[in-house]
Amino acid sequence: MRILLIHSDNIEYEVVSKTKMAETEIVPRDAMQDALVAFCSVESIDEEDIDDIIAQAVAEITTVADKIGAARVMIYPYAHLSSDLAKPDIAVTVLKEIENTLSTATSLEVKRAPFGYYKKFTVTCKGHPLSELSRELVPGEGGDAAKKPFKKEITRDWFVLTPDGRKHDWQEYNNNITPFGCLVQKELGTAEPVGGEPIHVEIMRSKELADYEPSSDVGNLRWRPKGKLIRDLLADYVLQLTLAHGAEPVETPVMYDLADPAINEHAAKFGERQYRFKSNNRSMMLRFAACFGMFCTMRDMHISPHNLPMKMYELSTYSFRHEQRGEVIGLKRLRGFTMPDMHSLTADMDQACECFEQQMMIGWQTGEDFNTDLVAVFRCTKQFYDEHGSWVKKIAAMSKKTMLIEILSDRVHYWIAKIDLAAIDSQNRPIENPTVQIDVESAARFHISYRDMANTEIHPPILHCSPTGSLERVLCAILESTGRMQVPMLPVWLSPIQVRVVPVAERHVEAASALMNRLNDEFMIRADVDDRDESMGRKVREAAVEWIPYTVVIGDDEAKSGKYSVSIREKAELNKLYKENLSLEELVAAVRVAIGSKPVRPIYTTKWMSRRARYY
RNA sequence: GCCGUUGUGGCUUAGCGGUAUAGCGGCUGAUUCGUAAUCAGCAGGUCGAGGGUUCAAGUCCCUCCAACGGCUCCA
């Protein structure tokens, strides 16, 4: 809905002739002095939720009237503010309801010009700064003023469960010293804000990984070659994990038609934070997770008990959530992000719990692989806890971790039980990463079912699992963890450049390039060569500033002996390089050991530094 | 979205009513170098955007935009 608001000294109109959508029972001629005139266009997108759009319009008009001190309001239908109008009967309903609500719920005196007539009118504008305003209202984006009043009252109980199966008061763990304590503080609302900027934002920009993109929407990043490489490696990593777990990869669309009832219901359930748009006359949404596509895929499959559990995996590049302005930060909260998303159909709750255990353990595994210290909060409904209390103890024991437990009096969302694993950032705030959830609603909604031995139709419980959390958040957690290192660096397998070859003088560039090429081509190690006309001291320094794990110097001595002087960042101390003399074979072996079984990709940046363009 | 803080060349920053500072980075030249910054010169700014106050506005006021902090929220 579009509204043009004019604070006028005088507004008067007179009906001239009818159009074919004219309403009946009208006031053919009227006038108002010292009134706020609201020229309104009801648009087709408003049809999605007219109650919401009415509430927003009323809130908006009331606010403006209050601000400018107007006591009278004239609602004036004005089709020409939009090129995508609602159906006339709906528009009339909306306008009448705005008039009604304003006159009953506020002290404003309200009139409304008739809909569907050609009218002549005069309006004089007062001309002060607030006397002309326009507003564009979209259903679901009204904020607090138009929030739906109805929300079920939910109570939450908290306690802490140790691996030995004992319950503890959460107060005992309420501190800002351990990562788990930080989680408890944040979840229970007792955290003291630390303030300051998260360090990962500075790192992601200065290391040329990712940056803000002013020409897009807030929270949609641009990725530079080094950051793109890290994303791709992380994607490879999650793919390895999910394949090993028996999931089948798929890829599904990023946008969906809200005319599909299951899509619409699933989307509506999750509220306002969506990108929505019109494409011709269809109302579309951008996915906020990969559920949509995978559920649609599953509903078109013949499923029998033999197929279960059935696991499907997608790397949702991208998922979109229209997070509120003030919530978007760095790599932690984005509007466009990449979520590894796995869904498992399970025969029954026992199988669901079994899969849950396995997938939770994968989550813990990722924490070890990324060297991010994860902490856990397990949430479930009271009913689930009453039935599966001993199982909850079991997963704490399996995890060998102390867990925060939240028991909800009723089911709020689609899940009845979930676990969230979080790293803690440099400001003691959790970065929620891996998660597993048991969903008992979606199968029915999307008509996903199988028949058991007795031929009864069963809607299987579905597990949602992100083994790592969004790739951006994984990187966020990794970068935040470097803040706690004396000599910060990325894990070798994620380092965009693993080996930097530094020739001592120009005459060594050829040998350096040859070495660099062998590392890339023969050994799949990402190496480049600093062939710029700079002093060696500077080149070594810049390699360190770039967090290059291995810097190889090559000069006359090396050419003769075949042993290279290698500075190894992992073993360095603050402002003190650590050097070893290594043969090519020894260097390759060292890098291989550091990479382990993690994914390998070729270098994405130019291999000759002299040809590399610098970013601003 | 709400409250607050901040916004000066690509980055870090000085100036806080009176001619836009500097360092890094960039470019050009010299230098061919042994492990965290070789030397010199040059270019680069409508001080986030728009409005206002003033003889005069990065500097004061208003609106907007953006980043960050807090709140709400993260399904």
Side-chain angles (χ1 to χ4, degrees), chain A residues 56 59 129-130 133 141-147 186 189 191-198 201-202 205-206 208 211-214 217-219 266-274 288-289 291 319 321-330 332-335 337 339 379 411-415 418 420 422 427 429-433 435 437 439 441-442 464 469-470 473 487 500 502-509 530-546 548 551-558 564-569 572 574-579 613-616:
Chain A
Q56 287 191 49
L130 290 174
L133 297 165
E141 290 177 12
D144 287 345
K147 269 230 175 88
K186 192 69 191 174
E192 292 279 327
V194 174
E197 300 193 3
V201 177
E202 149 67 15
R205 301 183 70 184
S206 65
E208 299 178 345
D211 207 344
Y212 299 112
E213 176 50 77
D217 188 18
V218 169
H266 194 64
K269 182 119 185 138
F270 297 144
E272 309 117 37
R273 312 227 162 149
Q274 295 164 35
F288 44 78
C291 307
S319 283
R321 298 185 188 184
H322 201 271
E323 303 286 10
Q324 293 179 82
R325 246 341 317 259
E327 294 169 343
V328 177
I329 31 166
K332 194 172 175 182
R333 282 287 275 280
L334 293 165
R335 286 188 178 172
F337 57 93
M339 182 65 90
R379 309 170 208 268
R411 178 148 56 89
V412 193
H413 305 302
Y414 56 76
W415 50 265
K418 73 184 286 206
D420 293 312
Q427 275 109 306
R429 297 172 303 199
I431 310 166
E432 283 180 15
N433 270 345
T435 184
Q437 310 169 350
D439 173 354
E441 276 187 9
S442 298
H464 297 238
S470 79
R473 277 196 184 173
V487 180
R500 163 78 39 88
V502 176
V504 172
E506 212 173 300
R507 64 179 180 280
H508 306 117
V509 168
D530 194 343
D531 58 335
R532 296 172 305 164
D533 175 19
E534 296 288 351
S535 73
M536 207 184 85
R538 170 175 289 260
K539 293 193 232 186
V540 169
R541 175 175 193 273
E542 288 190 8
V545 170
E546 270 189 68
I548 307 262
T551 303
V552 179
V553 168
I554 176 162
D556 292 334
D557 300 349
E558 287 77 7
Y564 303 100
S565 163
V566 182
S567 136
I568 303 173
R569 188 164 178 84
L574 193 61
N575 296 322
K576 202 172 145 208
L577 298 180
Y578 173 88
K579 282 168 287 182
R614 304 299 292 249
Y615 292 99
Y616 284 142

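The chains referred to below are lettered A, B, ... by the order of the sequence lines, with proteins before strands, and numbering in each begins at 1. Atom set for the values below is all heavy atoms of this structure, side chains included, hydrogens, waters and symmetry mates excluded.
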Whole-Å gap separating C1' (B/A36) and CE (A/Met536): 11 Å
Would you mind classifying the nucleic acid contact of A/Lys579 as base, sugar-phosphate or nothing, using non-hydrogen atoms under 4.0 angstrom? base
Roughly how far apart, to the nearest Å, are B/G70 and B/A37 at atom C1'? 40 Å
Gap in Å between the two P atoms, one belonging to B/C27 and one to B/U35, rounded: 26 Å
When the distance from CZ of A/Arg532 to C1' of B/G25 is rounded to whole Å, what number comes out? 11 Å
Any base atoms under 4.0 Å from A/Val412, or only sugar-phosphate, or nothing? Heavy atoms, all strands. nothing
Both distances below 3.5 Å, Watson-Crick or wobble geometry, any strand: find the nucleotide opposite B/C60. B/G52
Between B/A43 and B/G26, how far is it from one C1' atom to the other, in whole Å? 9 Å
Check every strand shown and say whether A/Gly537 touches a base, only sugar-phosphate, or nothing at a heavy-atom separation below 4.0 Å. sugar-phosphate
Nearest to the side chain of A/Val540, which nucleotide is it out of B/U72, B/G69, B/U35? B/U35
Provide the Watson-Crick or G-U wobble partner of B/A40, both distances under 3.5 Å; none if there is no partner. B/U28
What are the two closest non-hydrogen atoms of A/Asp211 and A/Arg205, and how far apart are they? OD1-NE, 3.0 Å
Checking all strands, does A/Ser206 fall into the base, sugar-phosphate, or nothing category for heavy-atom contacts under 4.0 angstrom? nothing
Nearest-Å distance, CD (A/Glu542) to C1' (B/U35)? 14 Å
Looking at B/C68, I'd like to know if its phosphate oxygens (OP1 or OP2) sit under 4.0 Å from a side-chain N or O belonging to A/Tyr212. yes
In whole angstrom, give me the gap between the C1' atoms of B/G25 and B/C11. 7 Å
Starting from P on B/C74, measure out to CE on A/Met339 and report it in whole angstrom. 14 Å
If we call it a pair only when both distances are under 3.5 Å in a Watson-Crick or G-U wobble match, what pairs with B/G1? B/C71
Please report, rounded to the nearest Å, how far the P atom of B/C65 is from the CG atom of A/Asp217. 13 Å
Taking only the C1' atom of each, what is the distance from B/C60 to B/A56 in whole angstrom? 13 Å
B/G17 versus B/C24 - spacing of their C1' atoms, nearest Å: 31 Å
Scan every strand shown for a Watson-Crick or G-U wobble partner of B/A20, both distances under 3.5 Å, and answer none if you come up empty. none
Expressed as a whole number of Å, how far does the C1' atom of B/G29 sit from that of B/G34? 25 Å
C1'-based separation of B/G50 from B/G44 [nearest Å]: 25 Å
Need one value for A/Val487: base, sugar-phosphate or nothing, where a base atom within 4.0 Å counts as base even if backbone is also close, heavy atoms only. nothing
Compare side-chain N and O positions of A/Arg538 against OP1 and OP2 of B/C33 and report whether any pair is under 4.0 Å apart. no
Can you tell me if the side-chain N/O atoms of A/Arg507 get under 4.0 Å from OP1 or OP2 in B/C33? yes
Report the distance from atom OH of A/Tyr578 to atom P of B/U35, rounded to the nearest whole Å. 18 Å
Residues A/Asp217 and A/Arg335: closest non-hydrogen pair is OD2-NH1, 3.0 Å
From CZ of A/Arg541 over to P of B/U38, roughly how many Å is that when rounded to an integer? 9 Å
State whether A/Glu327 and A/Arg333 are salt-bridged, where the test is any N-O pair (Lys NZ or Arg NE/NH1/NH2 against Asp/Glu carboxylate O) under 4.0 Å. yes
N/O (side chain, A/Ser535) to phosphate O (OP1/OP2, B/U38) under 4.0 Å: yes
Could you check which nucleotide pairs with B/A66 in any of the strands shown, counting Watson-Crick or G-U wobble with both distances under 3.5 Å? B/U6
What's the base orientation of B/G58: syn (chi within 90° of 0) or anti? syn
To the nearest Å, how far apart are A/Glu192 CD and B/C71 C1'? 15 Å
